[in-house]
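Below: the structure, in structure tokens.
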Amino acid sequence: MGEKMPDQHFYVTTPIYYVNDRPHIGHAYTTILADTLAQFQRMRGRPTRFLTGTDEHGQKVQRAAAKAGITPQEHADRTVVRFQELWRRLGIRHDDFIRTTEPRHTRIVQRILEELHARGQIYKARYEGWYCVPCERFYPDNDQGAPQCAECGRELERISESNYFFKMSAYQDWLLDYIRQHPGFIQPDFRRNETLGFLQKPLNDLCISRPKARLSWGIELPFDKDYVTYVWFDALINYISAIGYLADEQAFRQWWPATCHLIGKDILITHTVYWPTMLQAMGLPQPQTIFAHGWWLTGNSKMSKSAGNAVNPMDMIDQYGADPFRYFLMAEMTLGQDCNFTEEAFIRRYNADLANDLGNLLSRTAKLINSHCGGMIPAPAAGEDGPDEAALRAGAGNASRRLFEHLDDMRLDLALAEVTGMVREANRYLEKRQPWTLAKQQNSGALRTVLYHAAEILRIAAGLLSPVMPGKTAALRGALGLNADVPPVLQDLSAWGKLPPGIRLPETPILFPRINAAAPKPPAAESAGQPSAKARPAAAAPAENTILAEYADFAKLELRTARILAAEPVAGADRLLRLQIQVGGETRQLVAGIAQHYQPDTLPGKTIVIVANLKPARIRGVESQGMLLAASHGGQLRLVTVDGEMPDGAQVK
Ligand code: MSP
């Protein structure tokens, strides 16, 4: 962020997303970005607050609800869980999630409107001109005949009606001055110029009402019940209503002004013209930075549901896991620019940075420690410290320093490249120092030194990458014998030698298995030992390639009866039900792909058969402690139950 940041709070926001549709990669991107920035700042020890949420009023939501034949509130309630479920699966650590239909928000919007109205900042007037219904945007009269909407390209409608207006034009000169005097206010610089260009034309007053006769889904104007508030005037206020404006002054003073509003370039003007003038009219300070990032494109055009080219983040998570997906989005895009999304690019980067560099450094280091150091982190030998070690240590120090410099310039791609560069150097160091040869030569002092250095690089990389890949880096810390649950602190990452010699390595996990581009992995839910109804083989006659099992293999499985206590759908997953079951006095949760075959309310009371000793797995972010048995054939699926009375927990043999 251009200007040096003050040494205080860090309050970061994402746009609040419309609940008219499923989340796509664009929504996921901004939210992962905010999460990553927030986590880096928390690691730095800065008091941090991260806000996201949903924009639930307005024409788009009203239309989507009407199409689905339900009320806008019902529609919002159904759609919001998709966002919340996606954030859970992506490991997003927001401090708050605001919905604009919540009273804590609507109340504050009305109080602000009331005050601005009382102070003459809002007035009523007749409007005659062009209007885009889906985008809810007015276009003043011009000489060009029936124009098209600058936002969506649709033909505009001619309307004439009375409305309420905010005196935005009165702030034009002030805003121009403010932007010029605060170069860090709108970022990147070329976006600042775009706003300055927009402000070269005279600024109109902003129409902040919609007659209920035309659009009823919104916050009612406190001074005229025939109108609702324009969705943008309502939505922008979320950034202050969520932190206690006019409700909890102490909290508000702690967090406002925001450090960074992250937005996509599509909503630059609303954030850099409407919002600053609204804040100025309210007498509030401006956010420190409004940062507009570019778009994710497919085949060089913007992804959107209507274009049918949107990447579903859930599919990427199912296929490759949340952390590699997060890493790719953060490492691939240069903040501010557009970026093309392809699965090939994802696989290329994954294999290069994660499988070949990081994963390989872990597996070769752990293997050598296990074979030659009794599975314990070795102590480096003082006499074996040479220029290669000094260079590696210096490189690690530089990497963590430069990472934060790049971060402050919002160059996340370069920040992460510092870490991959450091890991790559460590692999080169191993090639050079040849620990496998040192082992053969029984040069244990040199061997210990080399392996300690490689392990230290892994510790530092795990810490520096933890904001981007929280799950995988916790596993990496665990693989080094460290406590995976203790979050890394920055001081430890810029210091060398924090890995205590003598700690024992557990079994080494394969953190980043190489992806064979020709044969992508099956979705995670299926590889986690929970075959979907579709993938589950029918209990038919053995096929030619059936593998004959030893009885000992079968005996490893613990099959038991279980009673279903409750069943409910899993948000965002059409096939899945979450079951609460009783197994011999113990209550467990199980996720099963049976939603297309059973209504949840028909299940409680049934006695089914489960594999009771299956490793727990997370399916769509929900833990499943076991797997039920079902017969399936030709698209039909029926649960395996027992014939007659049988208590739960009984063994099935
Ligand atoms: N509700 C408004 C924002 C109100 S904020 C007070 C809105 N919502 S939205 O659901 O349309 O989401 C817009 C945001 O999603 C964009 O600004 C951007 O952050 C993200 N993206 C949507 N599509 C995108 C891409 N294809 N690529 C990257 N991000 C984009 O506008």
Side-chain angles (χ1 to χ4, degrees), residues 12-35 37 51-64 76 79-80 82-83 86-87 97-101 105 108-109 134-137 151-152 191 208 217-219 229-242 258 260-276 278-279 287 290-313 316 328-330 332-342 412:
V12 64
T13 64
T14 71
I16 47 172
Y17 305 110
Y18 287 126
V19 285
N20 57 336
D21 206 349
R22 283 174 189 272
H24 60 68
I25 197 173
H27 306 124
Y29 175 70
T30 320
T31 311
I32 294 169
L33 175 61
D35 186 62
L37 296 178
L51 171 71
T52 188
T54 41
D55 192 351
E56 305 196 347
H57 291 124
Q59 191 82 52
K60 286 187 209 280
V61 178
Q62 181 168 295
R63 282 207 165 172
T79 313
V80 70
R82 293 186 170 152
F83 284 90
L86 177 60
W87 302 158
F97 185 103
I98 190 159
R99 301 180 57 185
T100 53
T101 48
H105 175 73
I108 302 306
V109 171
C135 299
E136 290 180 57
R137 263 185 80 168
E151 208 173 310
C152 70
R191 295 284 171 220
I208 55 99
W217 182 233
I219 301 175
T229 312
Y230 168 47
V231 68
W232 271 101
F233 196 90
D234 154 1
L236 287 160
I237 288 172
N238 92 88
Y239 300 134
I240 54 175
S241 65
C260 183
H261 288 318
L262 289 173
I263 58 166
K265 64 178 184 180
D266 46 333
I267 50 178
L268 181 74
I269 297 303
T270 46
H271 278 81
T272 59
V273 177
Y274 298 6
W275 182 225
M278 285 165 68
L279 285 167
I290 300 159
F291 192 100
H293 63 70
W295 282 342
W296 282 97
L297 310 172
T298 23
N300 295 324
S301 52
K302 191 195 178 200
M303 282 185 205
S304 73
K305 183 79 193 296
S306 47
N309 62 357
V311 173
N312 180 350
M316 287 300 291
F328 173 75
L329 295 183
M330 295 301 104
E332 189 79 0
M333 189 178 247
T334 298
L335 260 166
Q337 315 283 322
D338 290 348
C339 190
N340 220 26
F341 183 94
T342 65
L412 225 68

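First listed ligand is number 1; within each ligand, the first listed atom is number 1.
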Query - With Trp275 via side chain to side chain donor-acceptor pair (under 3.5 Å) - residues at least two apart - result: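 Once residues adjacent in sequence are excluded, the partners of Trp275 under the side chain to side chain donor-acceptor pair (under 3.5 Å) criterion are His261.
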
Query raised in the report: Who pairs with Thr54 by side chain to side chain donor-acceptor pair (under 3.5 Å), at least two apart in sequence or on another chain?
Result: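 Thr54: side chain to side chain donor-acceptor pair (under 3.5 Å) contacts with Glu56.
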
Query - Min heavy-atom dist Trp232 to ligand 1 below 4.0 Å - result: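 Yes, Trp232 has heavy atoms under 4.0 Å from ligand 1.
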
Query raised in the report: For ligand 1, is His293 a contact, meaning one of its heavy atoms is under 4.0 Å away?
Result: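 Yes.
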
[X] to ligand 1: N or O pair under 3.5 Å?
X	result
Thr30	yes
Tyr239	no
Asp266	yes
His27	yes
Gly294	no
Tyr18	yes
Ile267	no

Query raised in the report: Looking at Asp234, Thr100, Asn238, which one forms a side chain to side chain donor-acceptor pair (under 3.5 Å) with His105?
Result: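 Answer to the side chain to side chain donor-acceptor pair (under 3.5 Å) test with His105 among Asp234, Thr100, Asn238: Asp234.
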
Requested in this report: Test side chain to side chain donor-acceptor pair (under 3.5 Å) on Tyr17 and Thr31 and set out the steps.
Outcome: CA-CA 10 Å; Tyr17 305 110; Thr31 311; 2.9 Å; yes

Under a 4.0 angstrom heavy-atom cut-off, which atoms of ligand 1 come close to [X]?
X	answer
Asp55	1 (N), 2 (C), 4 (C)
Ala235	6 (C)
Trp295	25 (C), 27 (N), 28 (C)

Query - Test log, rule side chain to side chain donor-acceptor pair (under 3.5 Å), inputs Tyr230 and His57 - result: CA-CA 9 Å; Tyr230 168 47; His57 291 124; over 6 Å; no

Query raised in the report: Taking it one step at a time, do Tyr29 and Trp296 satisfy ring-ring contact (aromatic ring centres under 6.0 Å, His included)?
Result: CA-CA 9 Å; Tyr29 175 70; Trp296 282 97; 5.7 Å; yes

Query raised in the report: Are Arg82 and Asp21 within salt-bridge range, i.e. N to O under 4.0 Å?
Result: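 Judged by the 4.0 Å cut-off on N to carboxylate O distance, Arg82 and Asp21 do not form a salt bridge.
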
Report task. Check each heavy atom of Thr14 against ligand 1 and say whether those closer than 4.0 Å belong to the side chain, the backbone, both or neither. Result ->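 Near ligand 1, Thr14 shows nothing, with every heavy atom at 4.0 Å or more.
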
**Report entry** Structural part of Tyr29 in contact with ligand 1, heavy atom criterion under 4.0 angstrom
**Finding:**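 The answer is neither; Tyr29 stays 4.0 Å or more away.
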
Query raised in the report: With a 4.5 Å limit on heavy-atom distance, are the side chains of Asp55 and Val19 in contact?
Result: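 The answer is no, as the side chains (C-beta and beyond) never meet within the 4.5 Å cut-off.
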
Requested in this report: Kindly indicate whether the side chain of His271, heavy atoms from C-beta on, has any atom under 4.5 Å from the side chain of Tyr239.
Outcome: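 Yes - at least one pair of side-chain heavy atoms lies under 4.5 Å apart.
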
